[in-house]
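So that the names make sense, note that chain A is the first sequence line, chain B the second, and so on, each numbered from 1. Just so it is clear, the values below take in all heavy atoms, side chains as well, and ignore hydrogens, waters and symmetry mates.
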Amino acid sequence: MKSEFLEAATQIEIDSVQKWKQNGGKIVGYTCSFMPVEPFHAAGILPVRLRGITAGSMEISDSYYGPFVCSFPKALLQLAGTGHYHFLDGAVISNGCDTLRRLDECWRKMGEDIKGSAPPWFHYFDVPHKPNGHAFDWYKNQVKKLITAIEAQFDVEITASKLKTAIKNQNQVRKLLWELERLRREDPVKISGTEAYAAIIAGTVMPLDRYRDSLSELIEDVRTRKTDIGKNKKRLFIGGSVCDDFELVSLVEQSDAVVVGENVCFGVRNENDRVRETKEPLTAITEKYLSGSVCPRMMGWYKQRAGMIIDKVKQTHADGVILQNIRFCDLHGSENGLLERDLEKSSVPSLRIEREHGPLTETGRLKMRFDAFVEQLVQSVSV
Amino acid sequence: MSIVAGFDVGSLTTKAIILKNKKILGAAMIRSGPRPVASAAKVLEKLLDETGIHQADIIKAVGTGYGREKITFIDKAVSEISCHGKGAQWLIPSARTIIDIGGQDCKVIRLDKQGNLIKFITNDKCASGTGRFLDVMAKVMNIDVSELGKLSVKSTEPITFASMCTVWAQADVIKHINSRKSVEDICAGINTAMANRVAMLTNAIKIENDICMTGGVAKNAGVVKALGKLLGCRIKQIKKVDPQLIGAIGAALFAQEMVLKKSSSS
Amino acid sequence: MRPELKEYNLDKLFAGTFMVARNLGSSTPGEIKNVLKYTPYVGGLLEPVLATGKPSITFFDLFYDYYSNIINAEENGKKVVMTTFCFDPSVFYAIDNLVPVTLEIGTALTTMLWKRGSSDFMDYCTEIGFSETGCSSQRGAMGAYLAGLGAKIDLVALNMGGVCDTNANAYNFAAQYLDIPYFGLDYPSELTTEEVREYHHKDYRGLINFLQENTGCKFDINRLREVLEEKKKQDVLMNEIEEMQRLVPNPVPGIYHIMIYAARYIYSGKIKFTKLLGEMVDVVRENAKNGRSGLKNGVEKNRTFLVYIDNYALGTAMFQWFEKKGISHMGNILSRTFSQDAPYTTGVPGTTYNIDTTNLDTMIDSLADINARMPMTRTIRGPYDAPNMWLEDSLSLAKQYSADCCLYNGTPGCRNTWSNVKLLSRDLEAMGYPTHIAYGDSFDPRVETWESTETRLEEFYQIRGLL
């Protein structure tokens with residue numbers, strides 16, 4: 001595994017982030033894949049996806065968040081409260097879900113109590129729960145507002161030309177990510193899910209140019225590998241709640257399995273998952289980010305989403321699907337129930353798992369379930 | 001015919017079984033210690049002592065339960081789910097749905113006619129619906145957990161427990177004791193509360209007859225009765241062996257399969 | 001679910017219960033006493049409501065009407081739409097062949113009236129794949145409908161997108177499970193901007209198209225006008241009760257809150273609701289004229305404003321406890337309408353709604369505005385400390401109604417409020433309002449029994465010297 005991808009997947013403040021700051025660069029954190037990164041790249045700002053990995057306890061976030069809520073935003077808040085996000089110059093909070101959107105006020109209030117724990121700038125990016133008509137216009141306007149806010153806060157100008165360049169650059173990365181996905185689907189399997197997922201996550205926190213070059217190198221390397229990681233292993237697909245922790249993928253793969261694809265809010269969805277470069281930038285950005293409905297927050301679009309997921313599962317030739325949700329994530333928790341039903345109708349076995357976000361303290365419990373699921377897929381124990 | 005062994009290192013008890021020629025030569029169960037490897041070694045020692053068999057006689061051994069992969073003297077680790085399924089169907093060939101309620105978790109397993117695992121579901125939430133719930137309630141009542149079933153069958157007016165949380169339910173038990181409700185009625189209420197939780201899990205997997213139970217809680221006649229009523233089905237009881245041993249039996253059966261597979265390929 | 005429960009149709013049980021209850025108006029006190037003797041669980045609601053006199057019979061009659069509409073829907077060639085309490089149903093009553101069923105009302109009633117509450121139905125939802133941690137307010141009745149133990153549902157229409165994920169998600173699940181059409185209105189986090197107003201209006205037109213397509217019926221404009229004009233009358237009456245609530249002592253009986261909002265959520269725009277309100281106004285006016293408290297024992301020791309919802313987990317236990325303690329219920333988030341003439345409006349443009357029945361367009365816009373200002377859709381859509389959101393609303397209402405303290409009741413499924421109730425509570429305390437957060441589930445006593453909730457309430461009121 002590339003060391004910088006491993007670093008990016010396992011640490012919050014990575015080497016490239018430190019260098020960016022040392023060179024006078026600005027960094028803005030964001031919570032949700034519905035937020036477009038292109039305006040930040042156009043402004044010369046590094047957008048960094050906020051993650052909850054390494055949060056060991058929740059005593060700070062418990063002072064702001066109540067109980068009965070998803071541990072992912074709590075982990076983000078905890079890390080911010082303990083200074084792990086000190087390098088941020090701003091944060092954009094989106095309404096990915098109710099708990100995540102309340103990170104906005106929880107973090108601001110924490111900032112009043114714990115000096116330095118909140119960045120100097122917060123922006124709320126209001127994403128509609130529908131993809132078309134007036135919702136499309138609303139999102140486009142939100143992007144405009146985001147651009148205006150970035151320009152005002154950071155004293156920069158985001159021209160149409162800079163935006164187009166940013167779109168082009170990000171699309172190059174998306175193309176590479178799609179190539180990675182394609183390679184993962186091949187037989188023999190030349191890259192483990194752990195390694196691939198670490199690479200995917202790294203793309204949300206590393207500077208674009210550096211990431212693009214490293215990803216290209218990885219892809220070239222994978223193409224030439226002579227290994228078969230998938231031999232005698234079951235091919236699994238992971239879906240469900242946000243998963244910023246590649247250790248979960250690693251745990252799954254310890255059960256004689258290889259993870260060949262995911263439908264979580266990282267990575268690219270399909271080969272057309274790009275911002276169209278021939279269209280007016282804001283319209284093109286809106287089309288890409290608001291369409292496709294990968295997330296159950298887009299209510300009323302389950303059938304399309306299920307169809308897309310089942311298609312993806314079949315294309316990866318997965319033997320089974322792990323549908324995971326973080327405890328109290330009702331969006332995925334319930335949709336996983338429907339997906340389980342529909343996957344079974346399509347003769348694809350699935351396993352529903354509920355977990356806490358955070359350091360994998362439940363590894364024994366989870367592993368037993370993954371082991372049993374693989375055994376189910378194998379249907380007999382081999383020598 | 002080869003001698004094989006199966007080990008099940010659970011949260012509360014560690015079990016071991018020795019099989020030969022489809023017969024159980026010996027079975028042992030001890031309280032689990034903090035280290036699963038040590039517990040497995042201890043139960044093995046006990047079993048060898050009781051049966052007079054030497055460890056070298058054991059051709060293949062399979063381990064299951066928490067910490068199974070750390071046991072050094074096994075040939076393979078298999079999940080408890082597969083082992084409980086295998087063991088239960090060996091004893092009750094018509095079993096298609098197995099409900100295993102252990103000390104710390106609860107699982108419902110669906111098998112096909114050939115004994116293949118079709119689907120399973122586990123309790124992911126909390127202690128209610130596990131043996132721990134009964135342990136805690138028995139402690140509050142100052143009785144042995146094994147008494148819960150025996151006392152509940154004499155109940156005439158089972159208490160309905162308002163809370164399903166193990167912590168809050170303790171307060172409810174104390175309240176009922178202070179209100180001089182009969183111990184039989186309280187026991188029946190505890191068993192029913194437990195059965196309610198398990199029934200919800202079981203119904204989520206679309207049960208198929210015959211249903212049987214494994215794990216320590218299967219010995220609680222009150223839970224078995226209440227669960228059967230809630231599911232609207234008769235639960236077949238494993239009588240030939242202690243239901244707590246099913247996991248270890250299943251592990252031993254998997255060890256037996258390994259031997260057969262090896263000999264057929266050679 | 002216990003097999004024996006599959007023998008009962010929930011809607012028919014309620015229709016039957018309310019049919020009998022509404023006839024109690026012609027019963028003697030002795031006869032009523034006998035009825036209550038044999039209905040220990042239903043009596044938990046019957047008794048306190050009957051004590052309110054004339055409005056009680058209208059209340060039972062209204063609910064009988066509502067449930068008989070539902071049980072007779074199929075036979076009468078009507079479609080049944082599953083909706084949420086925050087969705088004003090008046091639009092449905094403008095369509096000839098449509099009958100609404102509101103899940104949360106069904107859950108509250110089942111929880112209050114049945115021995116084991118609605119827990120069996122809640123568990124059934126988990127059995128069929130719905131998340132167990134989802135809000136109990138939907139799960140109770142939803143389980144019954146998804147198990148086929150209620151009316152056949154033909155479509156789902158609601159308005160919680162952007163406000164309450166767990167609510168919108170539950171209805172979405174139901175629609176997918178039953179494989180029926182679904183429409184959800186969506187709410188951005190702002191309330192008063194022109195942009196969001198336009199968004200609401202366009203979104204609502206999408207709903208109208210959806211309803212027309214899925215019921216095969218055109219909107220009857222005259223009927224819609226009739227319904228909205230009736231709603232205007234209802235707003236006037238509710239506003240009068242809200243205004244009188246400011247008096248010390250508060251002349252409004254505590255149980256009126258749940259009676260008003262429960263009826264509003266199912267029968268807004270219908271004449272029987274106007275009748276109910278009119279009768280209540282008479283009682284409250286009489287109390288006000290005589291300087292009498294709405295509490296049965298007449299002695300008001302405390303005025304508590306509930307920042308969220310009530311507790312229904314053991315009949316009307318919370319209301320009874322308030323009565324026992326001399327605590328005046330100053331309303332909750334469910335009580336408020338935010339019509340433009342409501343006494344608690346702040347004068348900030350865009351925060352209230354106005355009903356304009358000039359033409360179809362103005363009426364649809366009015367409906368859109370009403371729905372955007374229903375409980376939850378208004379108050380908890382944006383950051384809690386944003387203008388006109390939870391903190392401001394709570395503070396202005398607490399002040400308006402001279403509250404001595406604030407109380408939060410909710411459900412563990414409410415991700416929205418549990419993500420910021422500690423912040424709210426902190427700010428309310430800082431502004432001088434002792435605030436208690438109850439950790440129970442308003443619809444599911446298995447989470448925390450009423451006895452435990454009560455113990456904590458006792459502690460709070462005692463330690464903070466509030467009684």
Measure the spacing between CZ of C:F130 and OG of A:S334 and express it to the nearest 0.5 Å.
4.0 Å
Any salt bridge linking A:D330 with C:R415? Criterion: basic side-chain nitrogen under 4.0 Å from a carboxylate oxygen.
yes
Among the options A:L103, A:D126, A:V69, pick out the one with the most heavy-atom pairs lying under 4.5 Å from chain C.
A:D126
Side-chain heavy atoms of C:W418 within contact of A:R102, under 4.5 Å
no
Between C:K202 (side chain) and A:G133 (backbone), is there a donor-acceptor pair under 3.5 Å?
no
What part of A:P67 gets closer than 4.5 Å to chain C, counting heavy atoms only: side chain, backbone, both or neither?
both
Which value, rounded to the nearest 0.5 Å, describes the distance between C:L423 atom CG and A:S63 atom OG?
10.0 Å
Under 3.5 Å, is there a donor-acceptor pair between the side chain of A:E105 and the main chain of C:P383?
no
Region of C:V156 in contact with chain A, defined by heavy-atom distances below 4.5 Å
neither
Quick one: what part of C:E190 sits under 4.5 Å from any heavy atom of chain A, side chain, backbone, both or neither?
both
Closest heavy-atom pair and its distance - A:C106, C:S419:
SG-O, 3.2 Å
Would you call A:R327 and C:E132 a salt bridge, taking side-chain N to carboxylate O under 4.0 Å as the test?
no
By a 4.5 Å heavy-atom criterion (distance strictly below it), what part of C:D203 contacts chain A: side chain, backbone, both, or neither?
both
What I'd like to find out is whether the side chain of C:T133 reaches to under 4.5 Å of the side chain of A:F68, using heavy atoms alone.
no
Could you look at C:Y187 and say if it's the side chain, the backbone, both or neither that has a heavy atom under 4.5 Å from chain A?
neither
Under 4.5 Å from any heavy atom of chain A - which part of C:L424
neither
Chain A contact via C:Y177 - which portion, at a heavy-atom distance below 4.5 Å:
both
Taking side chain as C-beta onward, heavy atoms only, is A:W138 less than 4.5 Å from C:V196?
yes
Do the charged groups of C:R426 and A:D113 touch, with an N to O distance under 4.0 Å?
yes
Sort A:A306 into side chain, backbone, both or neither according to what part of it lies under 4.5 angstrom from a heavy atom of chain C.
neither
Specify which of C:A168, C:C125, C:G161 makes the most heavy-atom pairs with chain A at under 4.5 Å.
C:A168
C:Q176 vs A:K303, side chain to side chain contact (heavy atoms under 4.5 Å, CB included): CA-CA, chis, key distance, verdict
CA-CA 8 Å; C:Q176 300 308 326; A:K303 284 200 169 106; 3.9 Å; yes
Using atom types as modelled and distance alone, determine if a side-chain donor or acceptor of C:N416 lies under 3.5 Å from a backbone N or O of A:D98.
no
Minimum side-chain heavy-atom gap C:Y182-A:M299 below 4.5 Å:
yes
Which one of A:D342, A:D104, A:D137, A:L338 has the most heavy-atom pairs closer than 4.5 Å to chain C?
A:L338
Side chain proximity check, A:N95 to C:S189, heavy atoms < 4.5 angstrom
no
Can a side-chain donor-acceptor contact be found between C:S131 and A:N325 if the only test is distance below 3.5 angstrom?
no
If you tally heavy-atom pairs under 4.5 Å against chain C, which of A:V127, A:L331, A:N141 wins?
A:L331
Look at A:G337, A:C329, A:G300 and state which one has the largest set of heavy-atom pairs under 4.5 Å with chain C.
A:G300
Are C:D385 and A:K109 close enough that some pair of their side-chain heavy atoms sits under 4.5 Å apart?
yes
Given a strict heavy-atom distance threshold of 4.5 Å, which part of C:R205 is in contact with chain A: side chain, backbone, both, or neither?
neither
Side chain from CB out, backbone as N, CA, C, O: work out which of these in C:I380 comes under 4.5 Å of a heavy atom of chain A, or both, or neither.
both
Side-chain contact, heavy-atom cut-off 4.5 Å: C:N169 with A:R297?
no
Is any side-chain heavy atom of C:Y199 closer than 4.5 Å to a side-chain heavy atom of A:P128?
yes
Rounded to the nearest 0.5 Å, what separates atom CD in C:E195 from atom CD in A:Q142?
6.5 Å
At what distance, to the nearest 0.5 angstrom, does OH of A:Y65 lie from CG of C:N420?
9.0 Å
Would you find a donor on one side and an acceptor on the other, under 3.5 Å apart, between the side chain of A:K130 and the backbone of C:G184?
yes
Who wins among C:P188, C:G382, C:G413, C:C414 for the most heavy-atom pairs under 4.5 Å with chain A?
C:P188
